[in-house]
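Quick caveat: nothing in here was measured; it's all calculated off a predicted structure. Here is the naming used below: chain letters follow the sequence lines, and residue numbers restart at 1 for every chain. When reading the values below, keep in mind they use all heavy atoms of this one structure, side chains included, and skip hydrogens, waters and symmetry mates.
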Protein chains: 2
Amino acid sequence: MKTRTPRERRQERTRHDILTAAIDIIAEDGADQLSLREIARRIDYSPAALYRHFDSKEAIVDAVCNEANRRLGDSLAVVPETLPPVEYLIELGMAYLRFADENPQHFHFIATWQIPMPPDVTREDIEQAADNPDDPFSRLYRGIQRGIDAGKLHVRPGYGALEMAFSVWALAHGMAVLQTQRLGRMPIDFPAANRQAFADFITGMGSA
Amino acid sequence: MKTRTPRERRQERTRHDILTAAIDIIAEDGADQLSLREIARRIDYSPAALYRHFDSKEAIVDAVCNEANRRLGDSLAVVPETLPPVEYLIELGMAYLRFADENPQHFHFIATWQIPMPPDVTREDIEQAADNPDDPFSRLYRGIQRGIDAGKLHVRPGYGALEMAFSVWALAHGMAVLQTQRLGRMPIDFPAANRQAFADFITGMGSA
DNA sequence: ATAATATGTGAACACTGTTCACAATTTGAA
DNA sequence: TTCAAATTGTGAACAGTGTTCACATATTAT
């Protein structure tokens, strides 16, 4: 049964309207202006009606986060995987920063919101999840492994692909947070400096 | 006139009580449980009374942020400045991460809250502020400069001490954010991995 | 003693997320 | 077609939030 009933289609459409309204509010007025009443106002529903489609505001915010994460994946997808490993990792980081710069509200939202982690994540889980072609972290993870395979990144005891991926992610994330929220007005040519920082970090990870 | 009037002493004490209550609430129940009414309840005032001492909740939060920043400065101060530059920078980063790990609520608060930056910051401003011995960023900045002077860090066109300090700060900040809020349950030996990442980054910044 | 200032309060306002009894609609089956 | 069941939307209410304001009290300075 691939085709859905009218009711399910309407339900899906309403869910979509709610999320679209939420995303618009965030983009226009910022995340702290997001309220159930404002969402309801925009889509001509009563505030209580939202509870027929989402369990809570938190559920709506989670859905918005997932959508933002999907868009981040799209932004990272433009980096061609045919690039040599080192260049690929640098461009991946730059794409991450571009996303944060062009969608500051959404990025701040992602960066701020508490995402509960599944309590136990094993290395096997991560290996398997790495197959997901669109997941942002998986993209980075595969890029790191290509760098290792090409001999450009140097594995050390207790410091393998996962640790490298985490560290590079942390560098990019920290840059994005500081630039969008805090130190963005410093007299720095951020794109140039960021590119150099990525290059230095990857160089350091490749030294014997 | 160094000695203050009784009224000023009471005023100062009340301000201190308010901030202490706010910090306690954050430490005990988390930043989202911080409300003026709960602060007032704890110090036996009416909510309206807080407005005789602070302009708004935001003003209270700003003061808490400053206090948290001061404590961060204390945590960084334990790293002896007599260490060789590279080791000093690594230990400074580790101290930053230790602070975030041991005061997750306060760190999340600092990391989350929007601090408005003075609109224009010049290099001269930063050079002067670098004299402040206790400011966390200044500490890092001076450590970077020691590394440069010792020939351990390699200055490039458009990538000097300020850019290096910003990048190292970003790496540490990103690690702290991800570990305390997001990926802390990954199967990684974080202290060891973080140390290696700092070392790699600094190595990379020293390569010709 | 008196006028000026500072400090604290209760009540109210406009918000927020959430719940709930109730009505209207849509659905699936007899 | 009829009828019961499930779904969807609503207004009202509740407890909570930050904030304001007229009013009373207490402290200071003249």
A.B. asks: Can you list every ring-ring contact (aromatic ring centres under 6.0 Å, His included) pair that touches residues 14-40 of chain A, not counting sequence neighbours?
C.D. replies: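 Non-adjacent pairs meeting ring-ring contact (aromatic ring centres under 6.0 Å, His included): zero.
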A.B. asks: Any residue in residues 25-48 of chain B with a heavy atom nearer than 4.0 angstrom to DNA chain C? Just list them by number, or reply none.
C.D. replies: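 The stretch gives R37(B), Y45(B), S46(B), A48(B) as the residues lying under 4.0 Å from the strand, ordered by number.
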A.B. asks: Find the distance I18(A):CD1 to dG17(C):C1' and express it as a whole number of Å.
C.D. replies: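 Result: 15 Å.
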A.B. asks: Is the shortest side-chain heavy-atom distance between I148(B) and P85(B) below 4.5 Å?
C.D. replies: no
A.B. asks: Applying side chain to side chain contact (heavy atoms under 4.5 Å, CB included), run through L34(A) and V61(A) and close with a yes or a no.
C.D. replies: CA-CA 9 Å; L34(A) 179 65; V61(A) 169; 4.2 Å; yes
A.B. asks: What is the distance, rounded to the nearest whole Å, between atom CD of E8(B) and atom C1' of dA6(C)?
C.D. replies: 12 Å
A.B. asks: Whole angstroms only, please: what is the CG-C1' distance between D55(A) and dT18(C)?
C.D. replies: 12 Å
A.B. asks: Is the NZ or CZ atom of R71(B) positioned over F99(B)'s six-membered ring, under 6.0 angstrom from the centre and within 45° of the axis?
C.D. replies: no
A.B. asks: Assess the side chains of T82(B) and Y88(B): does a donor N or O sit below 3.5 Å from an acceptor N or O?
C.D. replies: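 Per modelled atom types, T82(B) and Y88(B) side chains form no pair under 3.5 Å.
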A.B. asks: Let me know the distance between CZ of R10(A) and C1' of dT26(C), rounded to the nearest Å.
C.D. replies: 7 Å
A.B. asks: What is the distance from CZ of F54(B) to C1' of dA6(C), rounded to the nearest Å?
C.D. replies: 17 Å
A.B. asks: Tell me: CG of L50(A) to P of dT18(C), nearest whole Å?
C.D. replies: 10 Å
A.B. asks: Say you draw a straight line from CG of L140(A) to CG of L92(A); how long is it, rounded to the nearest 0.5 Å?
C.D. replies: 6.0 Å
A.B. asks: Go through DNA chain D in 5' to 3' direction and return only the first and the last nucleotide with some atom under 4.0 Å of chain B's heavy atoms.
C.D. replies: dT17(D) to dT28(D)
A.B. asks: Show your reasoning for whether ring pair (Phe, Tyr, Trp, His ring centres under 6.0 Å) applies to F107(A) and H173(A).
C.D. replies: CA-CA 10 Å; F107(A) 177 76; H173(A) 190 75; 5.6 Å; yes
A.B. asks: Less than 4.5 Å apart, any side-chain heavy atom of R123(B) and any of Q128(B)?
C.D. replies: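 No; the side chains remain at least 4.5 Å from each other.
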A.B. asks: Distance check needed: dT26(C) P versus R13(A) CZ, whole Å only.
C.D. replies: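 Atom CZ in R13(A) sits about 13 Å away from atom P in dT26(C).
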A.B. asks: Is H53(B) close enough to dG8(C) that one of its side-chain N or O atoms is under 4.0 Å from OP1 or OP2 there?
C.D. replies: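 Indeed, a polar side-chain atom of H53(B) lies that close.
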A.B. asks: State, without any angle test, whether Q179(B) and N194(B) hold a side-chain donor-acceptor pair at a distance under 3.5 Å.
C.D. replies: yes
A.B. asks: Mind checking T14(B) for me? I need base, sugar-phosphate or nothing, with any heavy atom below 4.0 Å counting as a touch.
C.D. replies: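 Since no nucleic acid heavy atom lies under 4.0 Å of T14(B), the category is nothing.
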